[in-house]
Amino acid sequence: MTRQLFSTAELQEFKTAQRLAYDATAAIEARLHEGITEKQAAAMLEDWLRERGVRRFFHYGFAWFGDRTRFRGHVRPSNNPLNDILNPKMAHFGKQFLPTDRPLREGDAVILDVGPIAGRAPSDMGYSCTLGEPTPEFHEARMALEPYRRVILEMVRAGATQGAIYRRIDEIIADQGYENIHSYYPGAVMAHRVGRVPGLRLPTFRLKGFSPQAIGYLSWEVLESVVRPGSHATPIWNHESDRPCEPGLWAIEPHIGKGDIGVKFEELLVVTDDTAYWLDDDLPHVRYWAEHAQATA
């Protein structure tokens, strides 16, 4: 019998949070215009969600335009995301991801990323689009993401270690002629664990775009893995992760780039004792791949 860590009702809460995040990005995508800044687009994401009852965020809104979607000029992280976020010596590292006054231009690639909490269920999602008609280069990059979703699911189900899955995705990215951009994230993560946040109300503040809920959750998970070594994997999934993907929810976020274009998707993967599945298959990037695969068939 398949054991999973969340009840059907709890998974539905996570699905609601994820759908809410995707609805927000669709709404803001429709409002993008030449001259809007990253800061304004990120604020619009948060405002749209607050207008619909969201009061807490796993992380606040991020928006990246043009060559910032592929993190041009960014410094690489350590392998400890909490160090990257909290260490004062890494102050510049954290700030490089924050939205800027960079204005949007026609034809720019765009990434919108936000993590609202619905009830006690956080989501974390990222979405790629453009201002205006997508260029052939953007379309090719977005289509290049499609095999990662299938390969990740197959390898998780087969019991491969997270590091092995990470490295296999690296190989595919290189074969396609792109650069691994998620290696620039805090901890060089391609994914991270997501769980129900405490019901108590923590103070509202921002630390390099992250909320106290996110920092508290990840800190506790890391601490437990240190205190109980071997019994609990860290919540961080990067090239050094040497264990199979543990049961729970994982936010998967492969991110690639070439030239002035970066693209990503981010969504929740459910892992049980003996299988794995995507929380929701009716998502914008999945529909995009299906529509264009049919068009070229």
Side-chain angles (χ1 to χ4, degrees), residues 59 62-87 89-99 109-113 115 124-128 137-138 140-142 144-153 155-156 160-194 208-210 214 218 221-222 233-243 245 250-267 269 285:
H59 72 72
F62 291 97
W64 303 309
F65 299 161
D67 63 357
R68 279 181 46 78
T69 61
R70 53 103 68 244
F71 295 170
R72 187 183 297 282
H74 283 207
V75 298
R76 289 191 181 273
S78 70
N79 289 326
N80 183 334
L82 291 176
N83 178 68
D84 296 336
I85 295 170
L86 299 175
N87 189 342
K89 294 181 180 179
M90 296 289 286
H92 173 69
F93 174 83
K95 290 179 180 177
Q96 67 189 351
F97 300 102
L98 297 178
V110 174
I111 291 178
L112 302 174
D113 199 315
D124 197 354
M125 61 75 64
Y127 174 73
S128 293
E137 293 78 11
F138 176 86
E140 289 172 8
R142 198 174 183 196
L145 295 169
E146 187 274 335
Y148 311 161
R149 191 177 192 263
R150 172 180 49 79
V151 170
I152 289 169
L153 181 62
M155 293 187 72
V156 170
T161 67
Q162 293 174 331
I165 298 170
Y166 190 110
R167 293 187 291 273
R168 177 60 186 136
I169 296 301
D170 260 359
E171 292 172 356
I172 299 173
I173 292 170
D175 288 344
Q176 293 172 326
Y178 292 94
E179 181 185 1
N180 168 351
I181 305 301
H182 51 263
S183 62
Y184 289 88
Y185 290 172
V189 301
M190 185 180 71
H192 60 84
R193 189 192 293 275
V194 174
K208 300 174 185 176
F210 292 88
L218 292 173
E221 290 279 325
V222 170
T234 73
I236 305 310
W237 176 339
N238 61 22
H239 57 289
E240 294 187 341
S241 305
D242 62 356
R243 296 177 60 147
C245 196
W250 294 85
I252 312 293
E253 51 180 330
H255 185 167
I256 62 173
K258 182 166 62 176
D260 290 337
I261 294 171
V263 294
K264 70 176 290 188
F265 71 85
E266 184 173 13
E267 59 173 304
L269 178 71
H285 52 282

Just how far is it from atom [atom1] of [X] to atom [atom2] of [Y], taken to the nearest 0.5 Å?
X: S183; Y: N238; atom1: OG; atom2: CG; value: 10.5 Å
X: D124; Y: D113; atom1: CG; atom2: CG; value: 6.0 Å
X: I172; Y: N180; atom1: CD1; atom2: CG; value: 12.0 Å
X: W237; Y: C245; atom1: CH2; atom2: SG; value: 4.5 Å
X: T69; Y: L112; atom1: OG1; atom2: CG; value: 11.0 Å

Looking at every non-hydrogen atom in both residues, tell me the closest pair between [X] and [Y] and how far apart they are.
X: I261; Y: A109; answer: CG2-CB, 4.3 Å
X: M190; Y: I165; answer: CE-CG2, 4.2 Å
X: G262; Y: S128; answer: O-OG, 4.5 Å
X: D260; Y: R72; answer: OD1-NH2, 2.9 Å
X: H74; Y: Y184; answer: O-CE2, 3.5 Å
X: I256; Y: I181; answer: C-CG1, 3.4 Å

**Report entry** H239 backbone acceptor or donor facing R167 side chain under 3.5 Å
**Finding:** yes

Query raised in the report: Do the side chain of W250 and the main chain of L269 share a donor and acceptor less than 3.5 angstrom apart?
Result: no

Query raised in the report: Is the centre of the F71 ring less than 6.0 Å from the centre of the F97 ring?
Result: yes

**Report entry** Check: H255 ring centroid to Y185 ring centroid under 6.0 Å
**Finding:** yes

**Report entry** Pair V263-I111, side chain to side chain contact (heavy atoms under 4.5 Å, CB included): steps then yes or no
**Finding:** CA-CA 7 Å; V263 294; I111 291 178; 5.7 Å; no

Query raised in the report: Checking ring-ring contact (aromatic ring centres under 6.0 Å, His included) for the pair H182/Y148: CA distance, chi angles, key distance, verdict?
Result: CA-CA 13 Å; H182 51 263; Y148 311 161; 8.1 Å; no

Sub-4.5 Å side-chain heavy-atom contact between [X] and [Y]:
X: I252; Y: I152; answer: yes
X: M155; Y: R168; answer: yes
X: F65; Y: V110; answer: yes
X: E253; Y: H192; answer: yes
X: Y166; Y: S241; answer: no

Report task. Decide yes or no on side chain to side chain contact (heavy atoms under 4.5 Å, CB included) for E140 and Y178, but give the supporting numbers first. Result -> CA-CA 11 Å; E140 289 172 8; Y178 292 94; 4.0 Å; yes

Query raised in the report: Any Lys/Arg nitrogen of E266 or K264 sitting under 4.0 Å from an Asp/Glu carboxylate oxygen of the other?
Result: yes

**Report entry** Ionic contact status for R70 with E179, cut-off 4.0 Å
**Finding:** yes

Query raised in the report: Under the salt bridge (Lys or Arg N to Asp or Glu O under 4.0 Å) criterion, do R149 and E267 qualify, and how do the steps go?
Result: CA-CA 10 Å; R149 191 177 192 263; E267 59 173 304; 2.6 Å; yes

